[in-house]
Amino acid sequence: MEIIREGDLDEKLDYVKKKLLKGGIVAFPTETVYGLGAHAFDEKAVKKIFELKNRPPDNPLIVHINNLKMLGDLVEEIPSKAHLLMEKFWPGPLTLIFKRNKKVPAIVSAGLDTIAVRMPSHPIAKKLCDIPIAAPSANKSTRPSPTTPEHVIEDFFKEDIVLIDGGKTEIGLESTVIDVVSGEILRPGKIGIEELKEWLPSVKILGLSSPPQKKVKSPGMKYRHYSPKVPLILSENLKRDIERHDGKRIGIIASCERVRGGIDKKISTGFVREYSSLEELAANLFQWFRELEKETDVILVEKVEERGIGVAIVNRLKKAASKVSS
Ligand code: AMP
Ligand code: MG
């Protein structure tokens, strides 16, 4: 692994872009999480991403761009509803699903005839993405998404990739994914249903308002994901769950109010992580998974209200707690 500091990037930008154009893999920060990127039109390089991550072949990637002109080569058509959303939310943490232009190798979309595209707002991502970069999160499959360069190093330090160190990411959860035509949110994220409704009144969260589907619409979401190495429990009742795990080293993620109100004398304070807002929880969640898994036997996360970014947090927690393996 080669690490480039943010301050050195301008000087090394041509070098990094050449790497991408020659089939190299570059890990870079976005405002959501770190991505593991390859040139989207380079089938071999994209394949390398699947191999590096040990990613199931039916889990598609998102293509990152930094200007709208690039869409023409990636998508068949731009539905009229998409224009409004792009105007309002790009650059930013919103991924839109389009019909895939056949010029794009099918592997990018894991064989689907649709393609996911996003225009990130992070200054480093913006600098790189005049090359269309196909990138999933820069973690090994099933592991928590990386929100710091250290997390990328933890999963890929032995690999032949370039990592651009841009410090900690701001949002900490992956982008909202939306199918513009059906109005379905395929993956909740920072941009919530309330905000999207203003621009796309038909918007709904997949699974809540539609009957169960045989064919999964956002393939990645069917897998166990984001998981720490120790069991994780989404707890509706911390006191009861602490009692149930008596004798174990218990990690706790809970609100400041809950911690101030007293947790349990048996819980080591070093194993407690507290937050004062859901945004703070989102920004730190995956980092806390990676810290607590090293010191505890089980992690209990206090359930949060499913409003605003709370919808995305609970979605990730349920996946992380799931025992179904990919
Ligand atoms: P990651 O960035 O690692 O979370 O992976 C990208 C995610 O975007 C996938 O797991 C899917 O949930 C979603 N995605 C990418 N392409 C498509 C697509 N064509 N249709 C539906 N969802 C997609
Ligand atoms: Mg991922």
Side-chain angles (χ1 to χ4, degrees), residues 25 27-38 40 46 49-50 52-65 71 74-77 79 82 93-102 104-120 122 125 129 132-147 151-152 155-156 169 171-191 205-207 210 213 215-227 285-286 289-290 312 315-316 318-320 322 326:
I25 308 296
F28 63 99
T30 77
E31 66 276 27
T32 58
V33 301
Y34 273 73
L36 190 67
V46 174
I49 288 187
F50 280 86
L52 282 168
K53 282 187 58 110
N54 198 16
R55 187 176 179 93
D58 62 350
N59 191 359
L61 313 183
I62 294 170
V63 179
H64 297 71
I65 58 174
L71 266 182
L74 297 170
V75 313
E76 280 285 301
E77 60 190 18
L94 182 70
T95 296
L96 302 180
I97 305 293
F98 299 91
K99 278 214 177 98
R100 177 168 53 89
N101 187 319
K102 297 294 176 294
V104 183
I107 187 172
V108 171
S109 297
L112 297 172
D113 55 12
T114 54
I115 184 166
V117 185
R118 171 163 114 77
M119 189 187 287
H122 192 290
C129 291
I133 301 181
S137 51
N139 54 279
K140 292 270 184 193
S141 240
T142 81
R143 297 279 294 140
S145 297
T147 54
H151 301 158
V152 183
D155 284 10
F156 297 106
T169 62
I171 296 171
L173 297 181
E174 306 79 356
S175 58
T176 305
V177 178
I178 184 162
D179 178 335
V180 183
V181 176
S182 67
E184 287 163 326
I185 296 177
L186 306 182
R187 175 174 75 182
K190 169 85 164 69
I191 299 176
I205 296 184
L206 183 67
S210 50
Q213 293 173 320
K215 194 162 177 286
V216 193
K217 268 215 168 176
S218 191
M221 297 310 287
K222 73 176 188 238
Y223 293 111
R224 174 166 176 256
H225 241 110
Y226 322 114
S227 304
L285 187 67
F286 291 141
F289 285 1
R290 285 182 186 250
N315 168 273
R316 304 308 190 270
K318 283 187 176 160
K319 294 252 158 18
S322 125
S326 58

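Computed from a predicted model, the values in this text were never measured in an experiment. Counting starts at 1 for both ligands and their atoms, in listed order.
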S.K.: State which residues pass side-chain contact (heavy atoms from CB on, under 4.5 Å) with P132; sequence neighbours excluded, sorted by chain then number.
M.R.: H39, A40, F41, V63, M70, L74
S.K.: What class does the angle between the rings of Y226 and F286 fall in, given that below 30° is parallel, 30 to 60° is tilted and above 60° is perpendicular?
M.R.: parallel
S.K.: Under 4.0 angstrom from ligand 1, any heavy atom of R55?
M.R.: yes
S.K.: Which residues pass the side-chain contact (heavy atoms from CB on, under 4.5 Å) test with K53, not counting sequence neighbours?
M.R.: L36, I49, R55, P136, S137, N139, F156
S.K.: Answer side chain, backbone, both or neither: which part of L186 comes under 4.0 Å from ligand 1, heavy atoms only.
M.R.: side chain
S.K.: Have a look around the Mg ion (ligand 2) and list protein N/O/S atoms under 2.8 Å, or say none.
M.R.: S137 OG
S.K.: Say whether, by atom type as modelled, one donor and one acceptor occur between the side chain of S109 and the main chain of G111 under 3.5 angstrom.
M.R.: no
S.K.: Considering all heavy atoms of both residues, which atom of P60 and which atom of L112 are nearest to each other, and what is their separation?
M.R.: CG-CD1, 4.1 Å
S.K.: If you count the atoms of ligand 1 from 1 in the order shown, which ones are under 4.0 Å from a heavy atom of I97?
M.R.: 17 (C), 18 (C), 20 (N), 21 (C), 22 (N), 23 (C)
S.K.: Just jot down the ligand 1 atoms closer than 4.0 angstrom to any heavy atom of L112, in number order.
M.R.: 18 (C), 19 (N), 20 (N)
S.K.: Just heavy atoms, cut-off under 4.0 Å: does T114 contact ligand 1 by side chain, backbone, both, or neither?
M.R.: both
S.K.: Does ligand 1 come near enough to S137 that some N or O of the ligand is less than 3.5 Å from an N or O of the residue?
M.R.: yes
S.K.: Indicate yes or no: at least one non-hydrogen side-chain atom of S145 is less than 4.5 angstrom from one of R316.
M.R.: no
S.K.: Enumerate the atoms of ligand 1 whose separation from the nearest heavy atom of I62 is less than 4.0 angstrom.
M.R.: 6 (C), 8 (O)
S.K.: Return the minimal non-hydrogen interatomic distance between P79 and V181, and the atom names on each side.
M.R.: CG-CG2, 4.0 Å
S.K.: When you measure from the side chain of T32 to the backbone N and O of E174, does any donor-acceptor pair fall under 3.5 Å?
M.R.: no
S.K.: Hey, is ligand 1 close enough to S109 that some N/O pair sits below 3.5 Å?
M.R.: no
S.K.: Pull out every atom of ligand 1 sitting under 4.0 Å from any heavy atom of A116, numbered as shown with elements.
M.R.: 15 (C), 16 (N), 17 (C)
S.K.: State which residues pass salt bridge (Lys or Arg N to Asp or Glu O under 4.0 Å) with R143; sequence neighbours excluded, sorted by chain then number.
M.R.: E154, E293
S.K.: I need the atoms of ligand 1 closer than 4.0 Å to a non-hydrogen atom of N59, numbered in the order shown.
M.R.: 9 (C), 10 (O)
S.K.: Do R187 and S175 get their side chains close enough for a donor-acceptor pair, meaning under 3.5 Å?
M.R.: yes
S.K.: In terms of side-chain heavy atoms, does E31 have a donor or acceptor partner in T169 at a distance below 3.5 Å?
M.R.: no
S.K.: For L61 versus A135, what's the shortest heavy-atom pair and its separation?
M.R.: CB-N, 4.2 Å
S.K.: Check each of R100, E174, R187 against atom 4 (O) of ligand 1 and report the one with the nearest heavy atom.
M.R.: R187
S.K.: Below 4.0 angstrom from a heavy atom of P136, which ligand 1 atoms are there? Numbered from 1 as shown, please.
M.R.: 1 (P), 2 (O), 3 (O)
